[in-house]
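All remarks here apply to the structure that follows.
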Protein chains: 2
Amino acid sequence: MTLQPFNIGGLSRQTGVNIETIRYYEKIGMLPPPARSQGGFRQYEDHHIQRLRFIRRGRDLGFSIDSIRALLTLAERPDSPCEGADQMVLLHLDEVERKIADLTLLRDELRKMKNCCGQVVAQCQIIGSLTAPGSAQQDAI
Amino acid sequence: MTLQPFNIGGLSRQTGVNIETIRYYEKIGMLPPPARSQGGFRQYEDHHIQRLRFIRRGRDLGFSIDSIRALLTLAERPDSPCEGADQMVLLHLDEVERKIADLTLLRDELRKMKNCCGQVVAQCQIIGSLTAPGSAQQDAI
DNA sequence: GTTGACTCTGTAGTGGCTCCAGGGGCCATG
DNA sequence: CATGGCCCCTGGAGCCACTACAGAGTCAAC
Ligand SMILES: [Zn+2]
Ligand SMILES: [Zn+2]
Ligand SMILES: [Zn+2]
Ligand SMILES: [Zn+2]
């Protein structure tokens with residue numbers, strides 16, 4: 001536990017979050033504005049580390065800033081029910097699973113395309129499958 | 001083959017590409033500027049359809065605009081070798097495979113998290129795992 | 001000649017940062 | 001006291017690939 005407040009560089013080092021990103025989080029209201037030194041430097045304390053790590057962890061799990069905002073609000077009310085958080089995880093899991101499915105289809109298409117070895121463009125499978133209809137992915141409208 | 005030129009709406013309908021997107025592609029030099037009617041309406045011809053479909057297929061396969069630009073340049077020179085295209089497909093395939101791997105890890109994390117059913121925030125596994133990564137212990141934020 | 005669908009330009013917004021210019025603060029050394 | 005070097009400040013622009021307006025003009029049918 002640090003007793004002395006520290007500058008933005010210290011917070012950056014302790015969390016691995018870019019300085020510019022920290023200022024950005026403050027600007028959009030994700031991090032509470034810290035006290036300032038006489039010269040105008042931001043002075044952070046330990047609770048800022050906790051909050052920033054929470055945000056970071058959420059981002060690493062792919063949650064949007066808005067979702068993390070909601071999770072933070074929830075986390076600040078320990079006595080409230082946590083259905084909201086459950087919902088958000090389930091929704092996000094769905095989203096991730098859909099994204100994996102989409103990318104897997106894409107990967108298969110690309111694997112089919114990659115069997116062109118050193119021809120001329122006129123006979124190239126890759127250029128051909130982009131030019132001719134039906135070879136690439138189906139219309140997803 | 002259409003003999004008469006058509007407006008941007010027609011091009012949009014024939015390709016499934018948003019009108020605003022078509023204008024955007026022209027602005028960034030992906031689509032050649034078409035002729036104009038007396039009133040200033042864009043007048044497209046069949047080769048615009050071909051080119052726009054090429055772009056669309058490339059985007060559906062996840063290629064960046066710049067990659068597609070390069071592929072288009074290549075496609076316009078039927079006699080040149082196609083190694084460049086091969087390279088791009090391989091690179092992109094790598095990228096997609098890495099993305100799938102990342103998302104799969106994410107998915108597994110989220111699946112581990114989702115087993116919290118109707119507790120209070122103070123005991124919530126989800127909030128806990130965001131607060132203290134690696135363990136289910138909770139701390140004030 | 002009036003309606004109504006279509007199109008035009010230009011600008012701004014999205015998410016989540018990241019980078020930069022041009023200045024000020026802070027501490028140690030000479 | 002001055003200087004150097006590092007840290008920090010603000011405000012704004014840039015990234016990607018679109019998307020969404022506002023406000024004006026065009027065109028064909030009736
Ligand atoms: Zn999500
Ligand atoms: Zn080839
Ligand atoms: Zn790629
Ligand atoms: Zn819970």
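Computed from a predicted model, the values in this text were never measured in an experiment. Chain identifiers are assigned alphabetically (A, B, ...) following the order of the sequence lines, protein sequences preceding nucleic acid strands; residue numbering begins at 1 within each chain. Atom set for the values below is all heavy atoms of this structure, side chains included, hydrogens, waters and symmetry mates excluded.
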**Message:** Using salt bridge (charged side-chain N to carboxylate O under 4.0 Å, His left out), reason through Asp66(A) and Arg69(A) one step at a time and then give a plain yes or no.
**Reply:** CA-CA 5 Å; Asp66(A) 273 355; Arg69(A) 216 189 289 273; 3.5 Å; yes

**Request:** Select from Arg23(B) and Lys27(B) the residue whose nearest nucleotide in DNA chain C is closer to the 5' end of that strand.
**Result:** Arg23(B)

Distances under 3.5 Å between nitrogen or oxygen atoms of protein and nucleotides 13-15 of chain C:
none

Distances under 3.5 Å between protein N/O atoms and the N/O atoms of nucleotides 25-30 of chain D, please, pair by pair.
from	atom 1	to	atom 2	distance (Å)
dC27(D)	OP1	Gly39(B)	N	3.1

**Asked** Contact class for Arg42(B) (heavy atom, under 4.0 Å): base, sugar-phosphate, or nothing?
**Response** sugar-phosphate

**Complete:** Atom CD of Gln43(A) and atom C1' of dC8(D) are separated, to the nearest Å, by 12 Å

**Message:** Contact between Arg59(B) and Ile65(B) at the side-chain level, heavy atoms closer than 4.5 Å - yes or no?
**Reply:** yes

**Asked** Between Arg51(A) (side chain) and Met30(A) (backbone), is there a donor-acceptor pair under 3.5 Å?
**Response** yes

**Prompt:** To the nearest angstrom, how far is Met30(B) atom CE from dC16(D) atom C1'?
**Reply:** 13 Å

**Message:** Within the structure provided, determine whether Ile55(A) and Leu72(A) are in side-chain contact (heavy-atom separation under 4.5 Å).
**Reply:** yes

**Request:** Whole angstrom is fine here: how far is it from CG in Asn7(A) over to C1' in dG24(C)?
**Result:** 14 Å

**Asked** Is the closest basic N to carboxylate O distance between Glu95(B) and Arg107(A) below 4.0 Å?
**Response** no

**Prompt:** Considering heavy-atom distances to DNA chain D, does Ile55(B) or Glu20(B) have its closest nucleotide positioned more toward the 5' end?
**Reply:** Ile55(B)

**Prompt:** Within the structure shown, what part of the strands sits under 4.0 Å from Ile19(B) by heavy-atom distance: base, sugar-phosphate, or nothing?
**Reply:** sugar-phosphate

**Request:** May I ask you to decide if Gln14(A)'s main-chain N or O and Arg53(A)'s side chain share a donor-acceptor pair within less than 3.5 Å?
**Result:** yes

**Prompt:** Separation of Phe6(A) atom CZ from dC8(D) atom C1', in whole Å?
**Reply:** 16 Å

**Request:** Starting at atom OH of Tyr25(B), determine the distance to atom C1' of dT19(D), rounded to an integer number of angstrom.
**Result:** 12 Å

**Asked** Is the backbone N or O of Asn7(A) less than 3.5 Å from a side-chain atom of Arg42(A), with the two atoms forming a donor-acceptor pair by type?
**Response** no

**Request:** Quickly work out the Glu26(A) CD to dG16(C) P distance and round it to whole Å.
**Result:** 19 Å

**Item:** Ionic contact status for Glu20(A) with Lys27(A), cut-off 4.0 Å
**Value:** no

**Asked** Once you round it to whole Å, what is the distance between C1' of dG16(C) and CG of Asn18(A)?
**Response** 12 Å

**Asked** Looking at the side chain of Thr21(B), which of dC19(C), dC8(C), dT19(D) is the nearest nucleotide?
**Response** dT19(D)

**Asked** Is it true that a side-chain atom of Thr15(A) and a backbone atom of Leu11(A) form a donor plus acceptor pair closer than 3.5 Å?
**Response** yes

**Gap between atoms CG and C1', on Leu52(A) and dC17(C) respectively (whole Å)** = 14 Å

**Asked** Does the His92(B) side chain pair with the main chain of Val89(B), one donor and one acceptor, at a distance under 3.5 Å?
**Response** no

**Item:** Nearest-nucleotide pick for Ile8(A), side chain only, options being dC8(D), dT10(D), dT19(D)
**Value:** dC8(D)

**Message:** Less than 4.0 angstrom between a side-chain N/O of Arg36(A) and OP1 or OP2 of dT10(D), yes or no?
**Reply:** yes

